[in-house]
Number of protein chains: 2
Amino acid sequence: MNEERDLFERYLRTKDLKMTSPRETVLQAFLATEGHLSAEDVFDAARRIDPGIGQATVFRTLKLLEGPRRYEHAYRHRHHDHLLCIRCGKLVEFFDPAIEKAQDRVFEKYGFKAIGHMMELKGLCAECTEAVRDSLAK
Amino acid sequence: MNEERDLFERYLRTKDLKMTSPRETVLQAFLATEGHLSAEDVFDAARRIDPGIGQATVFRTLKLLEGPRRYEHAYRHRHHDHLLCIRCGKLVEFFDPAIEKAQDRVFEKYGFKAIGHMMELKGLCAECTEAVRDSLAK
DNA sequence: AGTTTTATTGATAATGATTATCAATATCAA
DNA sequence: TTGATATTGATAATCATTATCAATAAAACT
């Protein structure tokens, strides 16, 4: 059922490490922390689950989590980018393989290991382009 | 002759700051440090030029050096995207024509008129990849 | 020039984030 | 269950960066 947990446990196994209750707490806290993760945020979230958990444990476990899946868990939702109309706010979600590929090349070029990305294109949608043109035509 | 220096001094002027000998030392050290520079590296290089220079001065000046780089980009309106290391915070600015082209196709496909975009790639830089691997090695 | 004002310096203290130490405890395999 | 080992939380230590501050240097005035 809990795929995240299984993945983590499998990873720990390969390192002769144990899946423990505090580690599970950190994992849950980590997954529950949407958006940008500071270790502090995860620590706070973990304390809400288990007030007795130690800060060092959170650091240690976060480090372990980098192993199988890295810090971000954006992978949980299917990845897509955004195309936003700045006039009416229309939002289009899209996925473009060519862009993904080009991004991979950038990661490689600079010696980075890819974790994820965020892209937002801003423009005027067709309707708004028309509307603007009309209003300019007076 | 030294364009970097001039650019830096011009930037300092706009902030009512002074071009001093220690600051020039740090600038030289900064420019001389090939590749991946930690503040520590720059400090070492600066000390080779002026053994009496203080560590705090290096940190302060490095912070100032961020200014003109940003300023230059903003002034020239040169577009770039960001590649960020989520572990150490290293930020690489890059421009990739293939990505720009692919984005244009997306705009067109959805009938949008392009205005701009924001893209941030997240990953682990080479040093951090290594560091993480070491820390996981048992 | 000299005087005043303000920015800058280096040393050091303080901070914030992360890591190491360690005795007590939990986990796993037999 | 036992025994071996991994893990824990508390705390100390470390690392990188900042803040403080008295002494100094530079610019801006006489």
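Chain letters run A, B, ... following the sequence lines, proteins first and then strands; every chain starts at 1.
Residues that satisfy the side-chain contact (heavy atoms from CB on, under 4.5 Å) test with B/T20, not counting sequence neighbours, are B/K18, B/P22, B/R23. Evaluation of the side-chain contact (heavy atoms from CB on, under 4.5 Å) rule for B/D104 yields B/F107 as partners, not counting sequence neighbours. Qualifying salt bridge (charged side-chain N to carboxylate O under 4.0 Å, His left out) partners for B/R47, counting only residues two or more places apart in sequence or in other chains: B/D44. Every residue meeting the side-chain contact (heavy atoms from CB on, under 4.5 Å) condition with B/A56, not counting sequence neighbours, appears here in chain and number order: B/R60. For A/E108, there are no side-chain contact (heavy atoms from CB on, under 4.5 Å) partners at least two apart in sequence or on another chain. In terms of the salt bridge (charged side-chain N to carboxylate O under 4.0 Å, His left out) criterion, residue partners of B/R13 (sequence neighbours excluded) are, by chain and number, B/E9.
Inter-residue side-chain proximity for A/I99 and A/F94 is flagged as met; some heavy-atom pair is nearer than 4.5 Å.
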Close N/O contacts between protein and nucleotides 11-20 of chain D (under 3.5 Å):
unit_1 : atom_1 : unit_2 : atom_2 : d
D/dT18 : OP1    : B/K63  : NZ     : 3.3

Enumerate the protein-to-nucleotides 24-30 of chain C contacts in which both atoms are nitrogen or oxygen and the separation is below 3.5 Å.
unit_1 : atom_1 : unit_2 : atom_2 : d
C/dT27 : O2     : A/K18  : NZ     : 3.2

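If you take CG of B/D50 and P of C/dG10, they are 7 Å apart, rounded to a whole angstrom. Protein atom CG of B/L12 is 14 Å distant from nucleotide atom C1' of D/dA27, rounded to whole Å. In this structure, B/D16 places its CG atom 11 Å from P of D/dC29, rounding to the nearest Å. Put simply, CG on B/L64 is 8 Å from P on C/dT8, counting in whole angstrom units. Remark: C1' of C/dT8 and CD1 of B/I53 are 12 Å apart, rounded to the nearest angstrom.
With the end axes of the helix from C/dA1-D/dT30 to C/dA30-D/dT1 each set by five pairs, the angle from one to the other reads 40° at 10° resolution.
Atom CD of A/Q103 and atom CG of B/D96 lie 9.0 Å apart (nearest 0.5 Å). Here the CD1-CZ distance, from B/I53 to B/R48, works out to 12.5 Å after rounding to the nearest 0.5 Å.
Panel note: side chain B/T61, backbone B/T57; a donor-acceptor pair is recorded below 3.5 Å. The closest donor-acceptor contact from the side chain of A/T14 to the backbone of A/Y11 lies under 3.5 Å.
Contact annotation: A/R23 reaches the phosphate of D/dT8 (side-chain N/O to OP1 or OP2, under 4.0 Å).
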